[in-house]
**Q** 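Please see the structure below; I have some questions.
Just the heavy atoms: all of them, side chains too, but no hydrogens, waters or symmetry mates, feed the values below. Just follow the structure's listing: the first ligand is 1, and inside any ligand the first atom is 1.
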Amino acid sequence: GEKVAVKDFAEKIKKSSNEVIGKLIKLGVMATINQEIDFETAEVIAKEFEIEIEKNVSKVEEKQDLFIEPDDEKDLLPRPPVVTVMGHVDHGKTSLLDAIRKTHVTEKEAGGITQHIGASEVMVEGNKVVFLDTPGHEAFTTMRARGAKVTDIAILVVAADDGVMPQTIEAINHAKAAKVPIIVAINKIDKPGANPDRVKQELADRGVVIEEWGGDVISVPVSALQGTNIDTLLEMILLVAEIEELKANPNRSAVGTVIEAELDKGKGPVATVLVQNGTLKVGDSVVIGTTFGRIRAMLSDKGKKVKQAKPSTAVEITGFSEVPEAGDQMVVVADDKTAREIAENRKDKIKEDQMKKSQRVSLDALYSQV
Ligand code: GTP
Ligand code: MG
């Protein structure tokens, strides 16, 4: 593990080196001011001073209040892929999804800019594929990170007339961090200024080397506007999905992630959740972060009422106490009472942590996160 010098540690906890050395000696550790001590020792010494330390304050504590039973291999069945479209602002992510869905979502968006993650299901040669749209505007980093986390495949859209831009790079990093395969869609090839080769070069410079250049990343030149090569792109998505061998257990209680959430004037708190495992049913008791409730109604991506949602399905749900946070995990529990208890415990814990925080000393700068 990492170590920290006595004098640096003393400074962090606002004690003199002599005081720290004194405590160390009491514990049978002969130390000088330049001696390095490990985190465990530092923790013990800090306790002597009635100070609580942690390696990294920003590190979120593991939620151990809810045990999600792992699945038996024999219970797993194939599930549809979740595909997230990512890339720089205005490079044509929503237009590409429009072309795939043959609808016209872009026209309805405020200023043509995507401000949320939309979910839609598309049938491709008899196979269901779930698509998530993400915003390219620089302000929506967390939404992109969230999208990358729940996805199985990332479609990286790069406009051929603009090339690799800051949010293209960000999207690459999110996909790599989430360890999901990338398929590059070089878009707007219909434009006079389109230069697909330059895009390929710029991607290679960023470690995304496409197949024709000896790498393993599939790339497809497309025009979302004219519908060029959309079929090829869809074929590639199915191909990559097949290699991934995606599975889930539909015969268990559901676990999912909130994609987006809001307070609807008529319906109350509303959330779009992606069911990742199990089957979500109307009437299920759920915990979502610090929120709880019972599923009152479910709507499919097409706005149709549904009674249940299997793995890899995005549904809009209602029936809980407060608006949950996008990115929160949704877990079905035994009954309303359990759901309420867990949610309330989490709330209490957050309050407690906030109170403790002022008393804590962060050793962030001394111990890097392991
Ligand atoms: P954000 O969600 O704001 O990040 O944008 P986006 O990536 O979803 O881009 P969007 O689909 O809204 O398209 C941006 C602009 O590019 C629109 O004016 C589209 O009509 C145009 N566009 C998208 N694809 C193509 C294409 O293949 N060719 C041409 N010529 N224009 C395109
Ligand atoms: Mg968009």
**Q** What part of H91 sits under 4.0 Å from ligand 1 if we count only heavy atoms: the side chain, the backbone, both or neither?
**A**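 It is the backbone that touches ligand 1; the side chain stays farther off.
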
**Q** So, regarding D90 and ligand 1 (criterion: nitrogen or oxygen to nitrogen or oxygen, under 3.5 Å), is there a contact or not?
**A**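 Indeed, backbone or side chain, D90 has an N or O that close.
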
**Q** Are side-chain N/O atoms of T41 and D38 paired as donor and acceptor at under 3.5 Å?
**A**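 D38 and T41 do have a side-chain donor-acceptor pair below 3.5 Å.
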
**Q** Heavy-atom contacts with S95 under 4.0 Å: which atoms of ligand 1 show up? List them by number with element.
**A**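 By the 4.0 Å cutoff, the relevant atoms are 10 (P), 11 (O), 13 (O), 19 (C), 23 (C), 24 (N).
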
**Q** I'd like to check whether A224 has a polar contact with ligand 1, where a contact means an N/O of the residue lying under 3.5 Å from an N/O of the ligand.
**A**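 So ligand 1 has an N or O lying under 3.5 Å from an N or O of A224.
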
**Q** What heavy-atom pair brings A224 and I230 nearest, and what distance separates the two atoms?
**A**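 Shortest heavy-atom separation between A224 and I230 comes out as CA-CD1, 4.5 Å.
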
**Q** Taking D335 first and then K337, would you say they form a salt bridge - that is, a charged N and a carboxylate O separated by under 4.0 Å?
**A**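 Here D335 does not pair with K337 in a salt bridge, since their nearest N and O are not under 4.0 Å apart.
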
**Q** Regarding ligand 1, does T134 bring an N or O atom to under 3.5 Å of one of the ligand's N or O atoms?
**A**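 T134 vs ligand 1: no N/O contact under 3.5 Å.
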
**Q** Without hydrogens or angle criteria, can the side chains of D205 and Q201 be said to hold a donor-acceptor pair below 3.5 Å?
**A**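 Checked: D205/Q201 side chains pair up, N/O donor to acceptor below 3.5 Å.
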
**Q** For K93, take its heavy atoms, then give the atoms of ligand 1 lying under 4.0 Å from any of them.
**A**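 What qualifies from ligand 1 is 1 (P), 4 (O), 5 (O), 6 (P), 7 (O), 8 (O), 9 (O), 11 (O).
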
**Q** Which bit of L225 is near ligand 1, meaning a heavy atom under 4.0 Å away: side chain, backbone, both or neither?
**A**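 For L225, the contact with ligand 1 is made by both the backbone and the side chain.
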
**Q** Just checking, is any N or O donor in the side chain of K128 or T313 under 3.5 Å from an acceptor N or O on the other one?
**A**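 Yes, side-chain donor-acceptor contact under 3.5 Å.
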
**Q** Out of D190, V222, L96, who gets a non-hydrogen atom closest to atom 28 (N) of ligand 1?
**A**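 Selected option, by shortest heavy-atom distance: D190.
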
**Q** Does any N, O or S atom in T94 come within less than 2.8 Å of the Mg ion (ligand 2)?
**A**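 T94 does place an N, O or S atom closer than 2.8 Å to the Mg ion (ligand 2).
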
**Q** Could you tell me whether E69 and R252 make a salt bridge, using a distance below 4.0 angstrom between a side-chain N and a carboxylate O?
**A**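 Salt bridge absent between E69 and R252.
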
**Q** What I want to check is whether the side chains of H91 and N187 have a donor and an acceptor closer together than 3.5 Å.
**A**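 No - no donor-acceptor pair under 3.5 Å links their side chains.
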
**Q** Numbering the atoms of ligand 1 from 1, which are under 4.0 Å from a heavy atom of S223?
**A**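 Listed by number with element: 27 (O).
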
